[in-house]
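Notes for the one structure printed next.
Note that these values count all heavy atoms, side chains included, but never hydrogens, waters or copies made by symmetry. What you see is a predicted model; the values in this text were computed from it and never measured.
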2 protein chains.
Amino acid sequence: MREEEDIFVEFLRKKNLRLTPQREKILQVFLKTNQHLTVEELYNLIKKRNSDIGQATVFRTLKLLCAAGIAKEVELGDKKIRFEHKYGHPHHDHLVCIECGRFIEVVDVNIEKLQNALCEKFEFLPKRHKLEIFGVCKKCRAISDREGNVFA
Amino acid sequence: MREEEDIFVEFLRKKNLRLTPQREKILQVFLKTNQHLTVEELYNLIKKRNSDIGQATVFRTLKLLCAAGIAKEVELGDKKIRFEHKYGHPHHDHLVCIECGRFIEVVDVNIEKLQNALCEKFEFLPKRHKLEIFGVCKKCRAISDREGNVFA
DNA sequence: GCGAAATTGAATTTCAATTTCAATTATTAA
DNA sequence: TTAATAATTGAAATTGAAATTCAATTTCGC
């Protein structure tokens, strides 16, 4: 929390930008949730909590947070841009449940190694990658079982 | 070519839909390109070639082709929906060049195996996945070298 | 305090995706 | 063949999220 704020302040300073109450608030609320929210969802969350900050400001601040390395854009199947924490939150992939929408963050160094080997084979210089596995999570599988889903 | 057309005809028949000249044309042009085109790009291609088919029809036909298992939606970084061939074109991942936009289609059974193992660990039932590696392709790396790109 | 620069947020614009709807075309039943 | 029925088309309109505009406001440096 504190650390992210420091990074943000430093980032803003370098760019001759200002840490405003709105930006501070948006960062706080953003950091407090571990979900992957869209601009609109974060905007609604902030409005509910108390503050009255415009959607444009939320939008712009999230972009700033990305530029500062604190947030990161992701898309999880639906066609909306979502934002996740980046700082202190190293690279990972997602197992996305197509029933409940929840996701599991995973890393597998062996997969990453094979990916790099694959790139090498094509003399392709990898910069970043995105792996999403869509399926049914443990919890939803249990529900299907209980309900005797004939398709499962 | 012929095969895809047969599949499409059969698909349409089952759904009580019709094979119109427009749909036939769209399928032909779609199959002739190996790129991953957006609706608009395919629409422009068709217009250039000769025909005068509306964008709505291209859009709807591509959706039909997806439903028929002939086409498949993909997104490659930019935020547009693109369509690739699906029939006779088994699952694969993409190495996407961030310089020239070209992509390489790849498969690595070992990666897939590790993915399945990973899912098992979380009791997650995988249905499909999407792996995209963004980086610089061989050709573009050569260009950077030639130009003495100090950042490369 | 003053002026320059940055910020805000409501409203607007953008842009691709999608839908509407009236006109057209094809199919079916009589 | 014709009339009724159903599907198709495409121009135009709509949608919805992303991004921008701009006048009003706030903040900063002096």
* Can you figure out which of C:dT18, C:dA17, C:dC21 approaches the side chain of B:Lys80 most closely? => C:dA17
* Structure fact -> The nucleotide from D:dA18, D:dT8, D:dG10 with an atom nearest the side chain of A:Phe59 is D:dA18
* Using whole Å, report how far CG of A:Leu37 lies from P of D:dA17. => 14 Å
* Length of the line joining B:Leu42:CG and D:dG10:P, which is rounded to integer Å -> 13 Å
* Starting at CD1 of B:Ile53 and ending at C1' of C:dT24, how long is that distance when rounded to a whole Å? -> 15 Å
* To do: Compare all side-chain heavy atoms of A:Phe83 with those of A:Val74 and state whether any distance is below 4.5 angstrom.
  => no
* Which nucleotide in the list C:dT8, C:dA17, D:dT20 gets nearest to the side chain of B:Ile81? -> C:dA17
* B:Ala56 or A:Thr38, whichever maps to the more 5' nucleotide of DNA chain D -> B:Ala56
* What does B:Lys63 touch in the nucleic acid at a heavy-atom separation under 4.0 angstrom: a base, only the sugar-phosphate, or nothing? -> sugar-phosphate
* **Proximity to the side chain of B:Gln22 - top-ranked nucleotide from C:dG9, C:dT19, D:dG10** => D:dG10
* Can you see which heavy atom on B:His85 is nearest to which on B:Leu31, and at what distance? => CE1-O, 3.1 Å
* To do: Rounded off to whole Å, could you give me the OH-to-C1' distance for the B:Tyr43 and D:dG10 pair?
  => 9 Å
* So, the side chain of A:Thr61 versus the backbone of A:Thr57: is there a donor-acceptor pair under 3.5 Å, distance only? -> yes
* Asked: Do A:Leu64 and A:Leu17 have side chains that get closer than 4.5 Å, going by heavy atoms?
  -> yes
* Test A:Glu75 against B:Lys79 for salt bridge (Lys or Arg N to Asp or Glu O under 4.0 Å), laying out the working first. => CA-CA 10 Å; A:Glu75 320 152 46; B:Lys79 281 145 196 173; over 6 Å; no
* Asked: Does OP1 or OP2 of D:dA7 have a side-chain N or O of B:Arg23 closer than 4.0 Å?
  -> no
* Choose from D:dA7, D:dA11, C:dA10 the nucleotide whose nearest atom is closest to any side-chain atom of B:Leu17. => D:dA7
* **Residue met sooner reading DNA chain D from 5', once B:Thr61 and A:Leu19 are mapped to nucleotides** => B:Thr61
* Side chain of B:Arg60: nearest nucleotide among D:dT9, D:dA12, C:dG9? -> D:dT9
* To do: Could you tell me how the ring of A:Phe8 sits relative to the ring of A:Phe11: parallel (under 30°), tilted (30 to 60°) or perpendicular (over 60°)?
  => parallel
* Nearest-Å distance, CD (A:Glu73) to P (D:dA17)? -> 16 Å
* Rounded distance (Å) that lies between atom C1' of D:dA19 and atom NZ of B:Lys79 -> 10 Å
* A:Arg82 side chain to A:His36 main-chain N or O, any donor-acceptor pair under 3.5 Å? -> yes
* Asked: Of the options A:Leu45, A:Leu42, A:Leu37, which is the one that meets A:Phe30 in a side-chain contact (heavy atoms from CB on, under 4.5 Å)?
  -> A:Leu42
* Structure fact -> Contact string for nucleotides 25-30 of chain C, one letter per nucleotide 5' to 3', B = base within protein heavy-atom range under 4.0 Å, S = sugar-phosphate only, - = neither, reads -BS---
* Asked: B:Leu64 CG to D:dT8 C1': how many Å, rounded?
  -> 11 Å
* To do: Let me know the distance between CG of B:Asp78 and P of C:dT14, rounded to the nearest Å.
  => 21 Å
